[in-house]
Amino acid sequence: MRHLMNPLDFTVEELEKLFDLANDMEKNPDRYANVCHGKKLATCFYEPSTRTRLSFESAMLNLGGSVLGFSSADSSSAAKGESVSDTIRVISCYADICAMRHPKEGAPMVAAERSKIPVINAGDGGHQHPTQTLTDLLTIRSLKGKLGGFTIGLCGDLKFGRTVHSLIEALARYDDVNFIFISPEELKVPDYITQMLKNKNIGYEEVISLDEVIGRLDLLYMTRVQRERFFNEEDYIRLKDFYILTKEKMKAAREDMLVLHPLPRVNEISVEIDDDPRAAYFKQVQYGVYVRMALIYTLLGLEQGGDKAC
Amino acid sequence: MLNVGKIEEGFVLDHIKAGQSLSLYHHLQLDTRDCTVAMIMNAKSDKMGKKDILKVECDINDLNLDVLAVIDRNITVNVIKDGEIIQKKELTLPQEIKRVFKCKNPRCITSIEQELPHIFFLSDETKGLYRCKYCEEKFDMRSLERVKIS
C-alpha cells in the first residue's frame with residue numbers, strides 16, 4: 001500500500017505516468033465516471049481548507065465514488081482528545097482512502113503508519129502540501145507541453161511559502177530549468193533551497209524588481225504574503241502590497257508567459273488580468289481536480305484492477 | 001592517587017571532557033537505573049590534560065549509548081565483561097536516534113500525539129545535525145531535552 005506524504009515521494013517517471021493519467025481523465029471524463037463506484041474517500045480536515053477539501057471531494061465524485069469526513073477538529077473526535085493514530089484506525093474501517101489536513105507537522109505520516117488504507121497528505125501545517133505541488137506540475141506540463149527547458153520566476157513571499165519551496169524542489173529534478181526569485185529582502189528564499197540549487201548546478205537569480213525580469217520569463221508563479229506568518233503587523237502591512245501584477249506590468253511579459261498562483265489571492269494579482277489568456281490560475285484549480293483524480297485512482301490500485309494494491 | 005575498583009560487567013567511559021561526566025550521568029539517565037556508577041573527575045590525562053571517567057556497572061545489553069556520540073564523539077567506550085575489556089567502541093553518529101531526545105518544534109505532531117516515539121535521522125554528519133522524522137526540522141541534539149524513562 002502506498003501513501004503520498006511529500007511531493008518527492010513519486011519518482012519523475014511515476015509522475016509522468018500520473019500526469020498522463022490525469023490528462024486522459026481530462027480528455028475522457030466518461031471513461032472514468034464510474035471507476036470508483038462503491039469506493040469511499042474520507043476527508044479528515046482538522047483545520048478548515050475549503051478549496052483543498054472540495055477539490056478532493058470533486059475528484060472522488062468525478063470518479064463515481066462517495067465522500068465522507070469532517071472539516072474541522074471541533075466537529076471530529078479530536079475535540080474529545082482522540083489521537084491521530086486512533087482516528088485513522090477507525091476511519092480505515094469506514095473508507096477506502098483518506099485525505100488528511102492537520103495543523104501539526106507530520107500528522108498525516110503518523111496516520112499513514114497506522115492506516116490500513118492509503119493516506120494523502122492534504123497539508124500539514126507549514127510543512128508539506130504535496131497535492132498543490134502536483135497540481136502546479138500538471139498545470140505547467142499541460143499548458144507548456146513539458147516540464148523543463150524554461151525560465152520560471154517565483155514572486156512574493158519566498159521565505160514562508162511552503163508551496164514555493166516544494167515547487168522549486170520538484171522542478172529541480174527536471175532538465176534545464178532556470179529560476180528567478182523575485183522578493184523583498186525580508187522574504188527571500190531560504191538558504192537551504194539556494195544551497196540545493198548550487199549543489200545541483202542549477203542556475204538561479206535573486207532580484208527585487210519584477211519589472212526588471214518579467215520579459216525573460218516563461219512562467220510567473222505569484223504568491224500571497226500571508227498575514228499569519230508575521231509576528232509584527234507593521235511588517236505585514238509594509239510587505240503585503242510589495243508586488244501587484246497589473247495590466248501595465250503584463251505589457252512587458254512575453255505573449256506565451258503563463259501566470260500561476262496557488263490561490264487564494266488577495267490583491268497581488270489585479271482582477272483586470274483575469275481575462276488575459278496568460279492568466280492560468282483558474283485553469284490551475286481545474287488541473288488540481290484532475291491530478292487528485294489520478295492520484296486517488298492510482299493509490300487505490302485501480303490501474304492494476306486491484307483493490308488498495310498499489 | 002585515587003583508586004576505584006574494577007567492575008565485573010558494564011562500561012568504562014574514558015576521555016570525557018573534564019567536568020562533563022555529571023551531565024553524561026543525566027543524559028544516560030543513570031539515576032533511573034539499577035546500576036552502580038563511579039564518577040572520576042579531573043583525572044590527569046596525557047592526551048587531554050584533565051579528563052573525567054565514568055564507570056557504570058550494569059548489564060551491557062541494557063544501556064543505550066547512542067546519546068554519547070551526539071554529545072562528544074571523542075569519548076572512549078570500554079565494554080567490560082567478566083572483569084575484562086572485551087571491546088573498545090569507536091563512537092560514530094548513529095543514523096537513527098529513537099526515544100532518546102524530544103523534538104522541540106511546537107508545531108510537530110510529536111508535541112501532542114500520545115506514545116509517539118520521537119525519532120531523528122542523521123541529516124548533516126559534519127555538523128552533527130539530525131532531522132525529526134515527522135516535522136523534518138533540523139536540530140543539534142544537544143539542544144534537545146531527553147525523553148523521560150517511565
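Chain letters run A, B, ... following the sequence lines, proteins first and then strands; every chain starts at 1. Keep in mind it's a predicted model, so treat the numbers as computed, not measured.
Side-chain N/O atoms of A:R224 and A:H261 include no donor and acceptor closer than 3.5 Å. Side-chain atoms of A:R292 and A:T131 include a donor-acceptor pair closer than 3.5 Å. Inspection of the A:S166 and A:Q132 side chains reveals no N or O donor paired with an N or O acceptor under 3.5 Å. A side-chain donor-acceptor contact under 3.5 Å links A:E82 and A:T87.
Residues in residues 97-124 of chain A take part in these ring pair (Phe, Tyr, Trp, His ring centres under 6.0 Å) pairs, two or more places apart or across chains: A:Y46-A:H102.
Among all heavy-atom pairs drawn from A:F70 and A:C44, the shortest one is CZ-CB, 3.6 Å. The two residues A:I168 and A:M196 come nearest to each other via the heavy atoms CG2-CE, 4.2 Å. Across B:M41 and B:D52, no two heavy atoms sit closer than the pair CA-OD1, 3.2 Å. Nearest heavy atom pair, residue A:A122 against residue A:R101, reads O-NE, 2.8 Å. Closest non-hydrogen pair, A:A107 versus A:D124, comes out as N-OD2, 4.5 Å. Pairing each heavy atom of A:Y174 with each of A:E16, the nearest pair is CE2-OE2, 4.4 Å.
In this structure, B:N42 contributes its side chain and B:K50 its backbone to no donor-acceptor pair below 3.5 Å.
Of residues 121-137 of chain B, those residues with a non-hydrogen atom less than 4.5 Å from any non-hydrogen atom of chain A are, in numerical order, B:K133, B:Y134, B:C135, B:E136. Residues of residues 75-89 of chain B never come within less than 4.5 angstrom of chain A, heavy atom to heavy atom. Within residues 8-23 of chain B, no residue has any heavy atom under 4.5 Å from a heavy atom of chain A.
Between chain B and the options A:S85, A:P108, A:P103, the largest number of non-hydrogen pairs under 4.5 Å is found for A:S85.
For B:S111, the part lying under 4.5 angstrom from a heavy atom of chain A is the side chain only.
Electrostatic pairing of A:R2 and A:E14 counts as a salt bridge here, judged by a charged N lying under 4.0 Å from a carboxylate O.
Aromatic ring orientation, A:F181 versus A:Y204: tilted (interplanar angle from 30° to 60°).
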